[in-house]
Amino acid sequence: MPLLQVENRILRLIANGVSLEETARQLCLEIEALLPDVVCTLMTVDPAGLLHPLATPSLPDAYALAIDGVMIGPEVGSCGTAAYMRKTVGIADIAADPRWARYKDHALVAGLKACWSYPIISESGDPIGVLALYFREHRGPREAEMGVISTALDLCGMALRRHERVVDRERRANVDVLTGLPNRAAFNAALECMPCDEPGIWALFMIDLDNLKIVNDTFGHLAGDRLIQVAAARIARAVAPDVTFRIGGDEFAVLVQAPALLSDLDAAARRIFRGLELAAPCEGHMVVPQATIGGAVFGPSESTAAAVSEAADFALYHAKETGRGGFVRYWPGIGTRITHRRDAIRDVAAALGDGRIEAHYQPIVGLDTGEIVGLEALCRMRGRDGTLIAAHEFHEATADAHIAAELTEHMAAMIAGDMVRWRDQGLRVGHVGLNVSSADFYTGSISKKLERAFGPVGVPLDQLVVEVSEDVYIGRRDGVVAREIERLRATGVRVALDDFGTGHASLTHVLNVPVDIIKIDRSFVERLWPDDPSIVIVEGLIKIARRLEIMVIAEGIETEVQASQLWSMGCMLGQGFAFARATDRDATAALLRRHAAGIAGVTPLYAGRKGMLREPDAAAPARRRTAAG
Ligand code: C2E
Ligand code: CA
Ligand code: CA
């Protein structure tokens, strides 16, 4: 009974503590003796997912060398694929199978035409080895050979486990103790071994946990550790069988190889976000793990593993700086954007320090009367040379938490001062809008800030509008923005949904987090041509908003025609260059004196020729009646 003898011989080697390499070599030779014309190999898979030949007695040395350090993946010959899929992979025609495309030459030169690979899985479910049988014909194992193979697999498992100490030492060096995930060293090793021949074949996600620091600081390090463990397990599950690494305190990396994930990285990132989104118990506290993801694909411009890694880092950095909780995919201009943003932050910080940030005001007018019913405060930066710089040139800086907090406080104080002055001059201002950014919602309570600025000077909060842009309003899943909006409205402050139509907000969102005002973005207003779908959208929005008792303000009205057209569609309020650009406190006072609604004898406000609104005005109601049937 030769098989039994073989088994005993190998068991004896294992029991006597013969080295793993030697045991594996003997095993392969014995199997080859039992199954003539078969070449047998055994490889290990390290924690990073790299293949290492353990015993390849009948393979040419060059072949064994070529396999060493190859990352397992969905198309990595028979062995790499079997380890990646965690199941047997049989390939009867190495020359023709796409999974062998990158490796076939070595096998074919050695006269090997088919290969059956069997993964050896650890108790924790990770691949630790692969037993492979190569055939010199286009065939798989025969029925009669199955007994030998299954015995061989048992022996391989035993041999690998018996040498757990050796394997363990390797694991300890490469595995993160807290999460059991491969660590930074393993990541570096894996990255070095990624295939660099075919663009688009793999991608890298860098994932940063957003709330670890807060959890550590408020609930203690045990809770923080638990959060890391939960997040690690969930990320790993979301991307399996692709490998997740823990590469830093709160940083993870995923080497993305699965075709389904590669084909749509946004969807892949969403899969991770969805995997994370349930609250998890962390030492008695329920915590929702939150993450930000940057990604980059191996491709023509990022053509080395190091370049991909750097690109993914850039993307993560950009994602963190411009709004945590999202996914940013690397694009070639991202470096310039980051630099530009950094410059903007530096400039605004300096301007705040020197008192060179000013509040300017753009009037909001009644489209029927042309009278000013309110203002929007827009910040301006005074250059050191005295030039005035508009917010769109530096508003990227407001994504920075410190800048946002300081800017909002500064603007609130200036607006409060100006409102008091106008009031003392007997001017009627209506409401004044203040813009806030996403970061404002994460740096203390906006409503408290407003109370502090406006309470002491006696400006009632119902004269204030906080403008929240659409992407901020719906971009976050954590409820922080929604709760703050509720708080603001409870204090009497009105909330405007800014830039409506630029993102993905729909009216359903408006129902979920109620607002008082919707500001239709300029991109709609500038397209109000006959037959443009904008018209239908804006008309529909106006109708629905009216039913929900939400005020609508059209932004960026540049011509009298647009103004009258909007009015005929039922929009009552607007702002834009057709009426006035933003101006400083004193110029605004002069405008209010002449054009503020509710004062006897005021005239309508137009930037251009007086009375320009009159004609379309007269026609408008008629058109509206026609439209209504
Ligand atoms: P926004 O809130 O949508 O503000 C409207 C922008 O459109 C302003 O640019 C305004 O000058 C411009 N605008 C107004 N009417 C017209 C028009 O008829 N045609 C055109 N082409 N543009 C018009 P600005 O002041 O450069 O502000 C840009 C963005 O910066 C603002 O967009 C807002 O998101 C942000 N921002 C402005 N001030 C502040 C602030 O105090 N705090 C924060 N966090 N963000 C601010
Ligand atoms: Ca605004
Ligand atoms: Ca806007």
Side-chain angles (χ1 to χ4, degrees), residues 18-32 37-85 89 91 93-95 97-120 127-136 152 156 159-160 163 166-167 169-171 173-174 182 185-198 201-202 243 255 257 298 303-306:
V18 172
S19 77
L20 182 60
E21 287 80 1
E22 182 52 27
T23 311
R25 206 179 79 86
Q26 287 296 335
L27 176 66
C28 289
L29 290 173
E30 299 276 11
I31 291 172
E32 288 173 358
D37 234 25
V38 165
V39 167
C40 177
T41 68
L42 181 58
M43 310 227 225
T44 56
V45 181
D46 73 15
L50 303 180
L51 292 171
H52 302 288
L54 183 63
T56 54
S58 308
L59 279 191
D61 286 347
Y63 188 2
L65 217 64
I67 307 170
D68 195 11
V70 166
M71 179 79 180
I72 63 171
E75 293 198 337
V76 181
S78 302
C79 289
T81 309
Y84 179 82
M85 307 297 288
V89 169
I91 290 174
D93 189 354
I94 287 178
D97 197 286
R99 287 168 288 185
W100 269 92
R102 254 181 294 133
Y103 309 93
K104 65 179 172 199
D105 291 346
H106 288 290
L108 296 175
V109 165
L112 306 173
K113 296 192 171 146
C115 180
W116 253 245
S117 294
Y118 304 85
I120 298 156
I128 50 172
V130 192
L131 179 76
L133 301 181
Y134 291 85
F135 304 95
R136 298 183 199 282
C156 286
L160 287 176
H163 284 82
V166 183
V167 178
R169 211 175 311 131
E170 188 181 72
R171 289 194 85 78
N174 285 297
F187 173 66
N188 291 339
L191 200 58
E192 234 168 72
C193 301
M194 291 311 284
C196 286
D197 46 1
E198 204 182 309
I201 194 167
W202 60 275
V243 188
L255 280 169
Q257 299 190 85
F298 171 77
S303 57
T304 61

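Numbers here simply count residues along the sequence, with the first being 1. Here the structure is a predicted model, which is why all the values come from computation and not from measurement.
For the side-chain contact (heavy atoms from CB on, under 4.5 Å) test, residues two or more places apart in sequence or in another chain that qualify with Ala185 are Asn174, Asn183. When the ring-ring contact (aromatic ring centres under 6.0 Å, His included) test is applied to Tyr118, no partner is found at least two apart in sequence or on another chain. A search for side-chain contact (heavy atoms from CB on, under 4.5 Å) contacts involving Ser303 returns nothing, not counting sequence neighbours. Listed by chain and residue number, nothing satisfies the salt bridge (charged side-chain N to carboxylate O under 4.0 Å, His left out) test with Glu192 (two or more places apart in sequence, or in another chain). Residues satisfying the side-chain contact (heavy atoms from CB on, under 4.5 Å) criterion with Ala305, sequence neighbours excluded, are Leu191, Trp202. For Asp97, the salt bridge (charged side-chain N to carboxylate O under 4.0 Å, His left out) partners are Arg99, not counting sequence neighbours. Take Pro182 and apply the side-chain contact (heavy atoms from CB on, under 4.5 Å) test, not counting sequence neighbours, and it matches Pro47, Ala186, Val243, Phe245.
Looking at every heavy atom in both residues, Ala190 comes nearest to Leu50 through CA-CD2, 3.8 Å. Contact record, Leu131 with Ile120: N-CD1, 4.3 Å, taken as the closest heavy-atom pair. Shown here for Ala159 and Thr23, the closest heavy-atom pair between the two residues is CB-CG2, 4.4 Å. What you find for Val130 and Val45 is that their closest heavy atoms are CG2-CG2, 4.0 Å.
From Arg136, atom CZ reaches atom CG of Leu112 across 5.5 Å, with rounding to the nearest 0.5 Å. Remark: His106 NE2 to Ile94 CD1 distance equals 12.5 Å, nearest 0.5 Å. Separating the CG atom in Leu27 from the SG atom in Cys40 is a distance of 6.0 Å, to the nearest 0.5 Å. For the atom pair Cys193 SG and Asp46 CG, the distance stands at 8.0 Å (nearest 0.5 Å).
A heavy-atom distance below 4.5 Å is not found between the side chains of Thr41 and Pro53. Phe135 has its side chain within reach of Val38: a pair of non-hydrogen atoms, C-beta onward, lies under 4.5 Å apart. The side-chain heavy atoms of Glu21 and Leu54, taken from C-beta on, include a pair separated by under 4.5 Å. For the pair Ser117/Thr81, no side-chain contact is recorded, criterion being any heavy-atom separation below 4.5 Å from C-beta on.
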Residues 56-80 side chain polar contacts: donor-acceptor under 3.5 Å, at least two apart:
{"residue": "Ser58", "atom": "OG", "partner": "Glu32", "partner atom": "OE1", "Å": "2.5"}
{"residue": "Ser58", "atom": "OG", "partner": "Glu32", "partner atom": "OE2", "Å": "3.1"}
{"residue": "Tyr63", "atom": "OH", "partner": "Tyr134", "partner atom": "OH", "Å": "3.2"}
{"residue": "Asp68", "atom": "OD1", "partner": "His52", "partner atom": "ND1", "Å": "2.8"}
{"residue": "Ser78", "atom": "OG", "partner": "Trp100", "partner atom": "NE1", "Å": "2.8"}

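Exactly one of Met194, Gln257, Arg102 qualifies for a side chain to side chain contact (heavy atoms under 4.5 Å, CB included) with Ile201. That residue is Arg102.
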